[in-house]
Amino acid sequence: MAFKNSPFRFQMVDVSLLDPDPAHVRQSINEEALKGLTNAVRKLGIIQPIVVRPAADDRYSVIAGERRRQAAIQAGETQVPVIVRDCSDEDALEVRVFENIGLGVRSALEPRDMATAIQAIAQRFASPEEAAQYFGRAPTWLAQATAAANLSEKVTALLDAGKISSTGAAVQLEKLARKNEAKAESLIEQIEQLPDGEKMSKKDMDEVLAVAPASSEPTEAAPSPVAPAPAVNQPEPAAAAMDTPPWEAPPDAPQPTPTPRTKVNPGKVKLVAELLGLSEEDEETILARLIDEFLSLRGG
């Protein structure tokens, strides 16, 4: 029976009863990227049920949702929602491929829509730091993620008219306006005069930013048609931030703790210093001399 005609049932099952399919097309999962999904599951649970099929010993094999299964385990969930469907190996493969090339149940939000939604959630919190912590990210991420929600009227009009190629390019133009308002106004006028069908690409915008001189006096950003983002005082988005939507970027990795230097036995230091005729107080000189002696021996 074809997948679309197969009967199905919804139920809550113990996550320990779900097994990954060895033949799944997704053979590797980025652990850093998985942290973002784990944070979402920890906050809200599994939003979209995992699609599974019956397996031996009353267990289930995952058809679609392997990342959700792993995130649920990492988030400490015990029960997860699943949709159980019988299907062949061939159908399972097709479901996975079609879902992941955008023909499945998901469709990415337009960047401005996502930025506006993130900003609406962030405004519930007292500070950008609290909001960012809720998302499991840094405040700088929040500033980047909401930048597209705060475009000025002129830039928004150019984007809506198709004169700017992408939301990322529009954010770059807004950034230029903060650095050099006169230069930005001149560029906006040039873009407005582009013939129908022509547009300013993000690459062109990056080139303009690279040569734009800094303004001698600070200028205010153009008024925003929406409420300011909570992260308005955070550092401005980096030029490459919009290449990959910030909400798809993995959470900031914790900084590694420096390995403490092993303390050398003071008695040994004193003995070596006496043999070399050096002061035991100058450990760096002792070390340098030992290296020279060692290299000399190896060379001989």
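Worth saying up front: this structure is predicted, and the values here are computed from it rather than measured.
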What heavy-atom pair brings [X] and [Y] nearest, and what distance separates the two atoms?
{"X": "Gln70", "Y": "Ile29", "answer": "NE2-CD1, 3.3 Å"}
{"X": "Gln119", "Y": "Ala149", "answer": "OE1-CB, 3.8 Å"}
{"X": "Asn5", "Y": "Arg85", "answer": "N-NH2, 4.5 Å"}
{"X": "Leu142", "Y": "Thr146", "answer": "O-OG1, 2.8 Å"}
{"X": "Ala64", "Y": "Ile50", "answer": "O-CG2, 3.5 Å"}
{"X": "Lys154", "Y": "Glu185", "answer": "NZ-OE1, 3.0 Å"}

Is it the case that one hydrophobic cluster holds both [X] and [Y], taking links as side-chain heavy atoms less than 4.5 Å apart, direct or via other members?
{"X": "Tyr60", "Y": "Met12", "result": "no"}
{"X": "Val80", "Y": "Ile73", "result": "yes"}
{"X": "Phe3", "Y": "Phe8", "result": "no"}
{"X": "Ile83", "Y": "Val62", "result": "no"}

Using side-chain heavy atoms (C-beta onward) and a distance below 4.5 Å, is Val95 in contact with Cys87? no
Reported [atom1]-to-[atom2] distance for the pair [X] and [Y], which is rounded to 0.5 angstrom:
{"X": "Arg53", "Y": "Asp91", "atom1": "CZ", "atom2": "CG", "result": "9.0 Å"}
{"X": "Arg68", "Y": "Glu77", "atom1": "CZ", "atom2": "CD", "result": "14.0 Å"}
{"X": "Glu66", "Y": "Asp19", "atom1": "CD", "atom2": "CG", "result": "9.5 Å"}
{"X": "Asn150", "Y": "Thr116", "atom1": "CG", "atom2": "OG1", "result": "8.0 Å"}
{"X": "Ser127", "Y": "Gln133", "atom1": "OG", "atom2": "CD", "result": "8.5 Å"}
{"X": "Leu187", "Y": "Leu173", "atom1": "CG", "atom2": "CG", "result": "5.5 Å"}

Using a strict cut-off of less than 4.0 Å between a Lys/Arg side-chain nitrogen and an Asp/Glu carboxylate oxygen, indicate whether Asp21 and Arg96 qualify as a salt bridge. yes
With side chain to side chain contact (heavy atoms under 4.5 Å, CB included) as the test, would you mind laying out the steps for Gln79 and Asp14 before giving the verdict? CA-CA 5 Å; Gln79 297 280 314; Asp14 194 310; 3.9 Å; yes
Determine whether a donor-acceptor pair (N or O, by modelled atom type, separation under 3.5 Å) exists between the side chain of Glu174 and the backbone of Ser152. yes
Test your reading of the model: is there a side-chain donor-acceptor pair from Asp57 to the backbone of Arg59, 3.5 Å cut-off? no
Do Arg112 and Thr167 pass the side-chain hydrogen bond (donor to acceptor under 3.5 Å, both in side chains) test, and can you show the C-alpha distance, the side-chain angles, and the key distance before you say yes or no? CA-CA 7 Å; Arg112 275 188 294 171; Thr167 304; 4.7 Å; no
Take Asn39 and Lys43 through the side-chain hydrogen bond (donor to acceptor under 3.5 Å, both in side chains) test and state the conclusion after the steps. CA-CA 6 Å; Asn39 181 65; Lys43 294 286 193 303; 3.1 Å; yes
Pairs satisfying salt bridge (charged side-chain N to carboxylate O under 4.0 Å, His left out), at least one member in residues 188-197, at least two apart: Lys163-Asp196
Of all residues at least two apart in sequence or in a different chain, which pass the ring-ring contact (aromatic ring centres under 6.0 Å, His included) check with Tyr134? Phe125
